[in-house]
Structures are given as C-alpha cells and as structure tokens.
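Have a look at the structure below, then the notes.
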Amino acid sequence: MKGFTPLVLGIFATLAFSWLGLAYIPDLQIGHLDPQSDEEGTDIYPMPKSGMAERGRRIYVANGCFYCHSEQLRADYAAADIDRVRDAALSPPPKWGDRRSAPRDYIFDRPALLGKMRMGPDLANIGKAAPAEEEAAPPQPSPANPANPPAPGASPAAANASPPPANAAAQQNAKPAAQPSTPPAPGASPAAANASPPPANAAAQQNAKPAPQPPNPPAAAASPAQAAAAPSPAASPSESPVPYSAAWHHQHLYAPRSLNLDSDMPAYKFLYEKRRVGGEQSADAINLRGEGAPGEGWEIVPTYDAKCLVAYLMSLNQSHPLNEVRSAVPPAASPAAAKPAAK
Amino acid sequence: MNPTEIPLKSPSSVTDLSIGDVEQVERALIDASTRVPVLMFYASAVVWLLLGTLLAAFTSFKLHSPDLLSNVAVMTWGRIRPAHLNVMLYGWASNVGMGTAIWLMARLCRTTLRHPLLLVTGGGFWNLGVLLGICGILMGDSTGYQWLEFPSYAAWTLFVGYSLIASWAVLMFRFRRGDPIYITQWYLLAAFLWFPWMYLAAQTMLFVVPVQGVLQAAVNWWYANNLLFLWFGSLALGTAYYMIPKVIGRPVYSYHLAAIGFWTYAFFASWTGMQRLVDGPFPAWMITASIAAMILCIIPVATVGLNHHMTMRGYFPLMRYSPTLRFTVFGAMSYTAFSVLGVVMSLRSFARYLQFSEVSVAYSHLGLYAFFSMIMFGAMYYIVPRLVGREWRFASLIKIHFWASVYGIGLMTLMLLAGGMVQGMNMDNPSLPFTESTQSVLPYLRGRSLSGILMTVAHFVFAYHFLLMLLGLGRTASVPTFLNPVNPDPEDVIAH
C-alpha cells in the first residue's frame, strides 16, 4: 500500500458510496411519500395514529415486542404471508392481510417496526382482525348469573382453534360455549346467534348498534382510541372475550396461555394492576378463570400503559387498498396498478 | 509431518535473529507503554462478556420457558434480549476489539503509545455509555432500532468516548515509523474511520432528522450490517492478518492478494444490509443490490481465506500448541462459513423460508462469536502475557475455554440452523396454524440453551484465567504456555 492519503480517501469513499446508494438515493425515491386520497380528497390513507396509540408504540418498543412480531407482509410471489389466516376456527377466518405491505403504509411510523423475526404472528393487520364494531361485542350474561347454561355442540370446533384454558375449575361453565370458534359480532356471522343466544339482559342494550358493515372503517385514528378507552363490557366469567377485541388483547397480554395453550409469548403482568373490587367490578377488568384468577374480591385492571398498548395494536391496519399494490381480493381500487417494489 | 520437527519458537522471538537486541528492547518498551489502556479495555470487555453471557443464557431460557421471571418489567424477554445484544456488541466486542487494535497499532507503528490519558478517558466514556445504555434499555427506554437500542443520552456518551479513542488512533498513525503500511493497519485504520462515519450517519438519519417510514428500517440495517462487517469484521481480519504470520513466524503469503481482499471487502461488504429485509416493503433494487453485494463478497472472503491458508500451509500442526493460533485459525475459518451462510440466506428462494426464522440469529452468532470473538480470544492469549509480564497459568484452562467455546458455538449454530429451517418451512405453509412453526422450533431452542451453558462455562473459565493474569499470578517463564508439551522433557514446558 502506497501511503497514507490514498488509503484514507479510499476508506472514506467506499462507505460514502454505499451510504449514497443505500440511504441517500432511496430517500430521494421513497423518502417523501404523501398519504393517498381519492379525487375528492377524502378517504385518506394512511392517517397519523391517535395519541394513545402513539404512546402505545413506545410501550411496544420498550418491551421489545418487535423482536418477535413483524409488521410487514411479503408479496404473494415471495412468501405465503397473505395466504395465512390468523385463526382458522373463526368464520370468516381473519387473514394476516389481503395485500403486501408497501412503503406508503409506514409514512407516519416512527420507528417503523418492520421486524426481523416471527416467534409470534405478524401484526401488520391485527387491528383489522378485531370485531367489526368494537362496541358491538355480544351480549354477555351478567356476572351475577353464573348458571348460564353452556351451549352444547360447538365445543369440538373450539378445541382445535384455541384450546380452552387449562383451568382446573372445569366445573363452572368453563367449557367455552362456542366462544372461540364463532365470532359473535353481529353481521359477521349469523351463526353466532344460535351458538350463544343473546339473553336480553342488562348488557344487551349497550350493543344496540347492529354494525352492519363488516370491514373496519379505515380511519385508523378513531377506532382504537375508543376501543381501548371503552373496552367491551366485562365478559362473563364463563366466556372468553371476542377474539382480537380490546378485552381479548388485555387477557392475552396478561395471560397468553389462557387463550392459546401453544402460545410462546411471555405474560406482561406488570402492565396490569391487581386491586380490590370497590363496589362494582370495573368495566375493563380482565375476566380470568381457573389458574391465575385474581380471587374473590379482587380484580385485574389494565394500567394506562396497557390501554395504550392495546390501542396501538388495534390501530395496526394495512387493509386499506393502495393504488400501487395489488390486493388479493381486488377492491374498488385499480388492481393492476404498477408495483414499485416488484421484483 | 511430525509436529516436533517444526522449528517452534516463542512467538515474540521469531524474528529476533534478524532484528537484534535493540528492536527487542524497543518492542518491550512499546508493550509496556500500552499496558494500562489496553488492559483497561480488556478488563472491561471481560466484565461485559460475563454479564452478556448471563443475559444470553437468560434470554435463551426464557424463549422456551416464557413464564420464567416474566412478572417484572426489567426482566421481560423483550428487554433482556436487546440488553444482551448491546452488552455483547458495545461492551464486549467493541472493547476487546479496540484494546487489541490499540496494541496492534502501537506495535505496527513502531512507536510507544502517546497520550494514554486520551485513551483512558475515551474508554471511560465508552463504558459509561454502555452502562447508561443498558440501564436505559432495561428501564424501557429502548429506541426500537435493532443494534441501536441505546437511548440518545447513552449513544452520545458512547460517541464522545469513541471520538477520543479514534483521534488517538489517527494521532498514532502520524507518529508511525517506517512507511510500508502493513495489511493489519489498513484494516484497523479503516475500522476506526468507518465506525464514526456509520454511527453518525445512522444517528442523524434516525434521530436528528429522521427519515420517513420504512427508510428507517433501511438505515437501521445498513448500519447494523456495516457494524458487523466494517467494524467488527475489519478489526477481526486485521488481527488475524497479524497473529497468524506472527505466531508461525512466516510472512503473509501474498501482499497483492491481501490488497485485493481489502478493497473488494471495503467496496462490497459496505453495500450489504438490505438483504436482511428481503421482499420487504422497499423498492426491489435496494434489496437486489445488497444481495448482489453479498454474493460478490465471496471475492474478499476467498482471497483472505486463500491468503491465510497459504500462509498456514505446512504449519497447521502448530495449532496443537499455540492457543493464539488455534483460536485465530478457528475464527478465520468461521469467517468463511459465516459469509457462505450470509449468501445463502440472502438469496430470495431461501429467504422465503429463512427470513423470519431463527436462522438469522445463527448468522449473527456465527459472525460475532465464531468469527470475531474467537479471533479476539486468540489475540488476548497473545497480548496479555506481553502486558503483564507473566505467562498464562494453566494450559488446561485454555483448552477448556477453547473446546467449550467451539462445541458451544457449533451446537448453537446447528440448533438454530436446523430449528430455523423447520420453523421457516412451517411458517410458509399456510395450512398449518402459525403456532405450529413456533412449537416446532422449541426443541431446538432447548438445545440452544444447552449450548449456552457450554459457552457460559467457557467464558467464566476464561475470565478466571484472565483475572489470575491481572493479579500477577501467571507463570514466570521465558516460554509461552503451550497447549500441549512441545519437547520430550515435559517438566520444562507444560503449564503444570
């Protein structure tokens, strides 16, 4: 090697070249994307997340959720991501997503948590898997009525989907009455009606909203905040919460294996608070039966951090069609638009 | 070849016959001048290594036993894992790499170490930065960028420390004697100049003036991969280029080959990184460019491998005796394995299955442990005796360290590769429930925990041995500690 100067210049130039190619030029290409909208300037996607969801992102990052959960779906030619269903026992089974992820999906994300590992399922569309209208959770028998007869017949389907919690207290109506297998969101499946007949009790008037439109409204900012702020009325001791509802997320975060025996997720009990029931049980208390149940006179309620985290999870939704990406189920948007990220 | 026929000399005296006593004294003076700063870097590196090992074992166990101590926020898996990673990257690997680089710089520039205070202060800031960063991560202050989890206060402390160290390195270069710059110096100088470049670029583009959306991930992996290749890789390759010829007492096989290897490495390795995001939401050309660069990296890998091999040819039996050579050659060979795995897993047809599996963990460990750390262990076995004026106390401990490390990293790589493939195959089969993929990898993860126990043993044995050296409890002998008796009269040579 001749001399010091050419060496230093070469060292500098090689990395500068790579920075130019892999950081600077991509920034020119996709670094300044705007949200898309239709001709009238409405139907804007994506939208910034609510303050609660943004705080939830911090909780998500602080506890390293992104080390096990990706938030990106690969194209159909590259992998089977968009063929995968989240829970085969639900009808219709929520998919991981209908289309691949694109740069525009992330323009408001900081940090953009694409993820590098899937020890847990992809979460790019976890918010979309929530019941169509969060408030429209099924009428639950009130806790005062534990003698609610379990609906027979649907349990085999429930068994393979998400195994019932391994609680010793099977004598109480722990056999989830078709709960995991049928999403009771009205409008999603009429079959839900016969599986768990909604008794006309106190809880029933809360979900008077029929919620006819199955797809989630794309306004990502609005729904999660209210979803977390007002989770569905406390599920009865005999029922698991509606899959992917706020109450479900809370129970899943608090005790993952109470909902899915095969889950490898650590519990995040430190995001929850165990306290004495003062008067009536809190609306957002987790209803846990069997092992891990708080015991008589106690309840487990989410902290504000937990509510933010769930708000963040429920805000994750890339289901809105993008002009530049072909969706598996072609929506109204032009299906054959150019894909910038195509191979 | 009968190994005892090889003219086995103590490494430091290999060239004595041609150089003479003056240089011998000069070298001793240089070594003495590097004593305090290098030992400081080494000692802090070993402390971080032990901490990182414990965190690693904890991470590994929690992955298949998720309820283990999960009720405390500080102990949750998602905080322990980045703590482990960052302790290893910035605590262990960077410290030991810088310590080795400082010693090599002083030796190769043939000048006594000037401004030791600069180094000691820099090292202090660096370690303070790591400590702050780890506490920050455990308290939930992580930034969310992999390999860059340190919160800003820790990151800037780290950088202040680094600037002091790097300015020393450049100063050192100005005082060098003799103009032919040896290969090792290219790599070390490059590492010292590349690191601030990439660190500042990443910090700026992620935190100061953040780029939009997915580009954060691109900058993140550009940094992470360059840290792996251009910082750790350069430090390790530079060290190997010094240790192998030095120990066997034979010049490097080809200087031209080395030059080709260096520049192609600088050029191609710096373009990798995006292959970690295969088929992600990016323009495909970025990823393809990195895959191409990854494939082209075979050129520097082949040239460096060939060069080392030709240098070693006929001298491989020396690995039976010299701990330094044994560790260094193992590391140099792992470099090839690491690069080949990197190419394979970046190809789109493989990435389809391997992208989100444990294979990428195997890849990182192959690079940072089997390649980098093993070469650094080798360097420490060479350098520490020259700093403390004692020889390593027990050959048996060195052997335990070596074999536990080798079997540990070997088992870990096998487990993660096999498990990752099973996991990836199941993940890409949409007719299986997702939990099938995580359940199927669990047995392999238990096997990985087993390998972690082996490596924990290795590191504690090494740390104990190193502590003995620091305390001046090494052997006072004129002959280095060989792993096996060299001459028929064992009492003179073996450790005990």
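Bear in mind that the values here come from a model prediction, so they are computed numbers and not experimental data. Within every chain, numbering begins at 1; the chains are lettered A, B, ... in the order of the sequence lines, protein sequences first and strands thereafter.
For Asp109(A), the part lying near chain B is the backbone, with the side chain staying farther off; criterion is any non-hydrogen pair under 4.5 Å. Contacts of Ala78(A) with chain B are made by both backbone and side-chain atoms, with heavy-atom separations under 4.5 Å. When heavy atoms are compared at a cutoff of 4.5 Å, Met198(B) approaches chain A by way of both its backbone and its side chain. Interface remark: Arg81(B) contributes side-chain atoms only to the contact with chain A (heavy atom separation under 4.5 Å). In this structure, chain A has no heavy atom under 4.5 Å from any part of Ile80(B). Heavy-atom distances place both the backbone and the side chain of Phe12(A) under 4.5 Å from chain B. When heavy atoms are compared at a cutoff of 4.5 Å, Pro433(B) approaches chain A solely by way of its backbone atoms N, CA, C and O. Residue Arg104(A) does not touch chain B at all, counting heavy-atom pairs closer than 4.5 Å. Interface remark: Phe173(B) contributes side-chain atoms only to the contact with chain A (heavy atom separation under 4.5 Å). For Leu271(A), no part sits under 4.5 Å from any heavy atom of chain B, backbone or side chain. Contacts of Glu358(B) with chain A are made by both backbone and side-chain atoms, with heavy-atom separations under 4.5 Å. Both the backbone and the side chain of Met286(B) come within less than 4.5 Å of a heavy atom of chain A. Residue Thr143(B) touches chain A through its backbone alone, counting heavy-atom pairs closer than 4.5 Å. Residue Ala13(A) does not touch chain B at all, counting heavy-atom pairs closer than 4.5 Å. Looking at Leu68(B), there are no atoms closer than 4.5 Å to chain A (heavy atoms on both sides), in backbone or side chain. If you measure heavy-atom distances from Ala269(B) to chain A, you find no contacts under 4.5 Å at all. Heavy atoms of Trp222(B) lying under 4.5 Å from chain A belong exclusively to its side chain. Within the 4.5 angstrom heavy-atom criterion, no atom of Leu354(B) approaches chain A. For Leu138(B), no part sits under 4.5 Å from any heavy atom of chain A, backbone or side chain. Residue contact with chain A, scored on non-hydrogen atoms closer than 4.5 Å, involves the backbone of Asn429(B) exclusively.
Ring geometry for Tyr67(A) against Trp77(B) counts as perpendicular: the plane angle is over 60°, on a 0 to 90° scale with 30° as the lower cut.
Residue Pro111(A) comes nearest to Gln216(B) through the heavy atom pair CA-OE1, 3.2 Å, listed as atom of the first residue, atom of the second, then distance. The two atoms that bring Pro121(A) and Phe434(B) nearest to each other are N-CE2, 3.2 Å, heavy atoms only. When all heavy atoms of Gln423(B) and Arg118(A) are compared, the closest pair comes out as NE2-O, 3.4 Å. Across all non-hydrogen atoms, the minimal contact from Pro66(B) to Pro266(A) is O-CB, 3.6 Å.
Once rounded to the nearest 0.5 Å, the distance linking CG of Leu189(B) with CD1 of Ile11(A) reads 4.5 Å. Rounding to the nearest 0.5 angstrom, the gap separating the CZ atom in Arg74(A) from the CD atom in Gln355(B) is 5.5 Å. Within the model, atoms OG of Ser270(B) and CG of Leu22(A) stand 8.0 Å from one another, a figure rounded to the nearest 0.5 Å. Within the model, atoms OH of Tyr77(A) and CZ of Arg348(B) stand 7.5 Å from one another, a figure rounded to the nearest 0.5 Å. In this structure, the separation between OG on Ser437(B) and CZ on Arg84(A) is 6.0 Å, given to the nearest 0.5 Å. One distance of note links CZ of Phe229(B) with OG of Ser18(A); it measures 12.0 Å at 0.5 Å rounding.
Tyr254(A) meets the side chain to side chain donor-acceptor pair (under 3.5 Å) test with no other residue; sequence neighbours excluded. Remark: His84(B) pairs with no residue by the side chain to side chain donor-acceptor pair (under 3.5 Å) rule, at least two apart or across chains.
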**OP:** Apply side chain to side chain contact (heavy atoms under 4.5 Å, CB included) to the pair Val214(B) and Leu114(A), showing each step before the final yes or no.
**Re:** CA-CA 8 Å; Val214(B) 289; Leu114(A) 293 181; 4.3 Å; yes

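A distance-only check finds no donor-acceptor pair linking the side chain of Asp428(B) to the backbone of Ala79(A) [under 3.5 Å]. Not a single donor-acceptor pair under 3.5 Å links the side chain of Gln212(B) to the backbone N or O of Pro103(A). Side chain of Lys116(A) to backbone of Ser357(B): no donor-acceptor contact under 3.5 angstrom is found. With Arg79(B) contributing its side chain and Ala62(A) its backbone, the two residues share a donor-acceptor pair below 3.5 Å. Using a distance-only test at 3.5 Å, with no hydrogens or angles considered, a donor-acceptor pair links the side chain of Arg100(A) to the main chain of Gly280(B).
Interface check for chain B: of the options Leu73(A), Asp83(A), Asp122(A), Val61(A), the most heavy-atom pairs under 4.5 Å are formed by Val61(A). Of the listed residues Ala102(A), Ala112(A), Cys65(A), the one with more heavy-atom pairs under 4.5 angstrom with chain B than any other is Ala112(A). For the set Pro256(A), Ser263(A), Gly120(A), Ser70(A), the count of heavy-atom pairs under 4.5 angstrom toward chain B peaks at Gly120(A). Between chain A and the options Trp197(B), Trp221(B), Tyr353(B), heavy-atom pairs under 4.5 Å are most frequent for Trp197(B). Heavy-atom pairs under 4.5 Å with chain A were tallied for Leu277(B), Leu230(B), Leu63(B); the largest tally goes to Leu63(B).
At a threshold of 4.5 Å between non-hydrogen side-chain atoms, the residues Trp285(B) and Ile25(A) count as touching. Counting only heavy atoms from C-beta outward, the side chains of Leu193(B) and Val8(A) approach each other to under 4.5 Å. Side-chain contact check for Phe262(B) versus Leu7(A): some heavy-atom pair is nearer than 4.5 Å. Annotation: side chain of Met274(B) is not in contact with side chain of Pro26(A) (no heavy-atom distance under 4.5 Å). Between Met75(B) and Phe270(A) the shortest side-chain heavy-atom distance does not fall below 4.5 Å.
At most 12 non-hydrogen atoms from other residues, nucleotides or ligands lie less than 6.0 angstrom from CZ of Phe350(B). Crowding of Tyr24(A) atom OH: a count of heavy atoms from other residues, nucleotides or ligands under 6.0 Å not exceeding 12.
With respect to Phe356(B), the side chain to side chain contact (heavy atoms under 4.5 Å, CB included) criterion is satisfied by exactly one of Met117(A), Gln72(A), His69(A), Met119(A): Gln72(A).
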